[in-house]
Amino acid sequence: MTALICGSMAFDTVMVLPGRFRDHILPDRIHLLNVSFLVPSLRRNFGGCAGNIAYNLALLGGRGAPMATVGHDFGPYAQWLRGRSVDLTHVRTIDGEYTAQAFITTDLDDNQITAFHPGAMNHAQENRVERALGAGLAIIAPDGKEGMLQHARQCAGAAIPFVFDPGQGLPMFSSEELAEFVRLADYVAVNDYEGKLLEEKTGRKLENIAREVKALIVTMGAQGSRIFAGGKVHDIPIAAPERVLDPTGCGDAYRAGLLYGIAHGWDWPDIGRLGAVLGAIKIASRGAQNHRLDRAMVEARFKQAFGRSPWG
């Protein structure tokens, strides 16, 4: 089963200030803020939810195709993904735009100042989901607002089951729009903060929302994850990582596990455990796509963490 991965492609430029913001920003001059940071450490990583999910799914041996809008600067990223056998058929280049980009400056206290330029992501609605694409499953991950709304409606109209994964884009939707997403979706995936925000904006508890979908998945970082499905609650522990370096992209790695498990008809506890293993592998590397994995590695780590292989 091919999974259509609707979401963003982005470049993440990460700069590290070898000091602290508080030493550069004077509280009594905040209304006249004009600061400049010397940042000797800089990394440019490939990111964006669609790219991250597709990367992990491809390494695992799953079939996934991202659907995204990118800018004229996408060439190196495209070469990277093609080298990992990611199908870019549904990635559209928008003339005159840059690929979405985040510029992140971090200080020694792990405080961050981030500027995000959506660029081509604002044209997400120019891609259209149709039954003729041949997808048997989809995920609606963070993207341009209008694109997310239209792709959810198009998936439902084409009878393509999909995961609604609002991510950091959740605040831009009204309570009515979120209710529509839930009504159309087959699955909902949020982290614990997004879950609380979803409850606040809809006025409904997650347990009640879960009754409208096949499964509602809540990731909780070091506390593991929780899956509401079929009237049951499955608490999934973490898989112990070899080291903890960077959580960026762990949620997307977990979602690749969701898509793989759903596509292969696994039960929910094993789907959650697969997501946990992928997250544990990712967190040991900096950046969202700098880790390496294959099915043999994942199977070995799954056995180590949970005592058996889900592949039988």
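Count residues from 1 along the sequence.
In this structure, F173 is a member of the same hydrophobic cluster as L198, with clusters built from ILVMFWY side-chain heavy atoms closer than 4.5 Å. In the hydrophobic clustering of this structure, V91 groups with W80; members are Ile, Leu, Val, Met, Phe, Trp, Tyr whose side-chain heavy atoms approach within less than 4.5 Å, directly or through other members. Linking ILVMFWY residues whenever their side-chain heavy atoms come closer than 4.5 Å, directly or via other members, places V163 and I227 in the same cluster. With hydrophobic clusters built from ILVMFWY side chains whose heavy atoms lie under 4.5 angstrom apart, Y260 does not share a cluster with I140. In terms of hydrophobic clustering, with Ile, Leu, Val, Met, Phe, Trp and Tyr side chains grouped at heavy-atom distances under 4.5 Å, V190 and F162 are assigned to a common cluster.
Among all heavy-atom pairs drawn from H151 and N127, the shortest one is NE2-O, 2.9 Å. The two residues P66 and V86 come nearest to each other via the heavy atoms CD-CG1, 3.6 Å. Scanning both residues, N56 and H291, for their nearest heavy atoms gives OD1-NE2, 2.7 Å. Residues I283 and C250 share a closest heavy-atom pair of CB-SG, 3.6 Å. The heavy-atom pair separating D143 from C6 by the smallest distance is OD2-C, 4.4 Å. Among all heavy-atom pairs drawn from A159 and R131, the shortest one is O-NH1, 3.2 Å.
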Original post:
Under the side-chain contact (heavy atoms from CB on, under 4.5 Å) criterion, do L60 and L274 qualify, and how do the steps go?
Top reply: CA-CA 10 Å; L60 187 57; L274 177 61; 4.1 Å; yes
Original post:
Could you walk me through whether Q289 and N52 pass the side-chain contact (heavy atoms from CB on, under 4.5 Å) check?
Top reply: CA-CA 6 Å; Q289 296 181 32; N52 296 341; 3.0 Å; yes
Subject >> Evaluation steps, side-chain contact (heavy atoms from CB on, under 4.5 Å), between R295 and W311 >> reply: CA-CA 10 Å; R295 190 182 126 171; W311 282 277; 3.3 Å; yes
**OP:** Begin from the C-alpha positions of L258 and Y187 and carry the test side-chain contact (heavy atoms from CB on, under 4.5 Å) through to its verdict.
**Re:** CA-CA 10 Å; L258 285 181; Y187 315 93; over 6 Å; no
Original post:
So Q101 and D73, side-chain hydrogen bond (donor to acceptor under 3.5 Å, both in side chains) or not? Walk me through it.
Top reply: CA-CA 11 Å; Q101 306 192 36; D73 55 343; 3.1 Å; yes
Original post:
Should E130 and R128 be marked as a salt bridge (charged side-chain N to carboxylate O under 4.0 Å, His left out) after you check the CA-CA gap, both sets of side-chain angles, and the distance that decides it?
Top reply: CA-CA 6 Å; E130 298 174 336; R128 182 174 179 81; 3.6 Å; yes
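Rounded to the nearest 0.5 Å, atoms CG (D270) and OG (S309) are 8.5 Å apart. I113 CD1 to M15 CE: the interatomic distance, rounded to the nearest 0.5 Å, is 10.0 Å. For the atom pair CD1 (I94) and CD (E126), the distance works out to 4.0 Å, reported to the nearest 0.5 Å. If you take CD on E194 and CG on L206, they are separated by 11.0 Å, rounding to the nearest 0.5 Å. We find the CZ-CZ distance between F46 and F74 to be 8.5 Å, quoted to the nearest 0.5 Å. Going from atom OG1 of T2 over to atom CG of L133 covers 10.5 Å, rounded to the nearest 0.5 Å.
Heavy atoms of other residues, nucleotides or ligands lying less than 6.0 angstrom from CZ of F37 number more than 12. Surrounding CD of Q168 are at most 12 heavy atoms belonging to other residues, nucleotides or ligands under 6.0 Å away. Atom CD of Q112 has more than 12 heavy atoms from other residues, nucleotides or ligands within 6.0 Å. For F21, the CZ atom counts as densely surrounded, since its 6.0 Å shell holds more than 12 non-hydrogen atoms of other residues, nucleotides or ligands.
L184 has its side chain out of reach of C155: every pair of non-hydrogen atoms, C-beta onward, lies at least 4.5 Å apart. Taking 4.5 Å as the limit, some side-chain heavy atom of P40 sits within range of a side-chain heavy atom of P18. Put simply, the side chain of I5 reaches to within 4.5 Å of the side chain of L57, judged on heavy atoms. In this structure, the side chains of N208 and R211 come closer than 4.5 Å at one or more pairs of heavy atoms. Residues L4 and I160 fail the side-chain proximity criterion, which asks for heavy atoms closer than 4.5 Å.
Below 30°, between 30° and 60°, or above 60°: for H264 and W266 the angle between ring planes is between 30° and 60°, a tilted geometry. Relative ring orientation between Y77 and F11 is described as tilted, the plane-to-plane angle lying within the 30° to 60° band.
Between the D109 side chain and the N111 main chain, no donor and acceptor come within less than 3.5 Å of each other. A side-chain donor-acceptor contact under 3.5 Å links R243 to the backbone of A284. Put simply, the side chain of T93 never gets that close to the backbone of H72: no donor and acceptor are under 3.5 Å apart. Judged by distance alone, the side chain of R255 and the main-chain N or O of G251 form a donor-acceptor pair under 3.5 Å. With T248 contributing its side chain and G287 its backbone, the two residues share no donor-acceptor pair below 3.5 Å. Side chain of K282 to main chain of S285: a donor-acceptor pair is present (N/O by atom type, distance under 3.5 Å, no hydrogens or angles).
Shown here are the salt bridge (Lys or Arg N to Asp or Glu O under 4.0 Å) partners of E180, two or more places apart in sequence or in another chain: R153. By the side-chain hydrogen bond (donor to acceptor under 3.5 Å, both in side chains) test, R226 is found to be paired with D235, residues two or more places apart in sequence or in another chain being considered.
No cation-pi contact links R273 to F302, judged by a cut-off of 6.0 Å to the six-membered ring centre and 45° from its axis.
At a cut-off of 3.5 Å, with distance as the only test, no side-chain donor of E97 or N122 sits close to an acceptor on the other residue. Residues S225 and Y254 bring a donor and an acceptor atom of their side chains to less than 3.5 Å of each other.
Note on D107 versus R20: no salt bridge recorded, every NZ/NE/NH1/NH2 to OD/OE distance being 4.0 Å or above. Under a 4.0 Å N-O distance rule, the pair E177/K201 does not qualify as a salt bridge.
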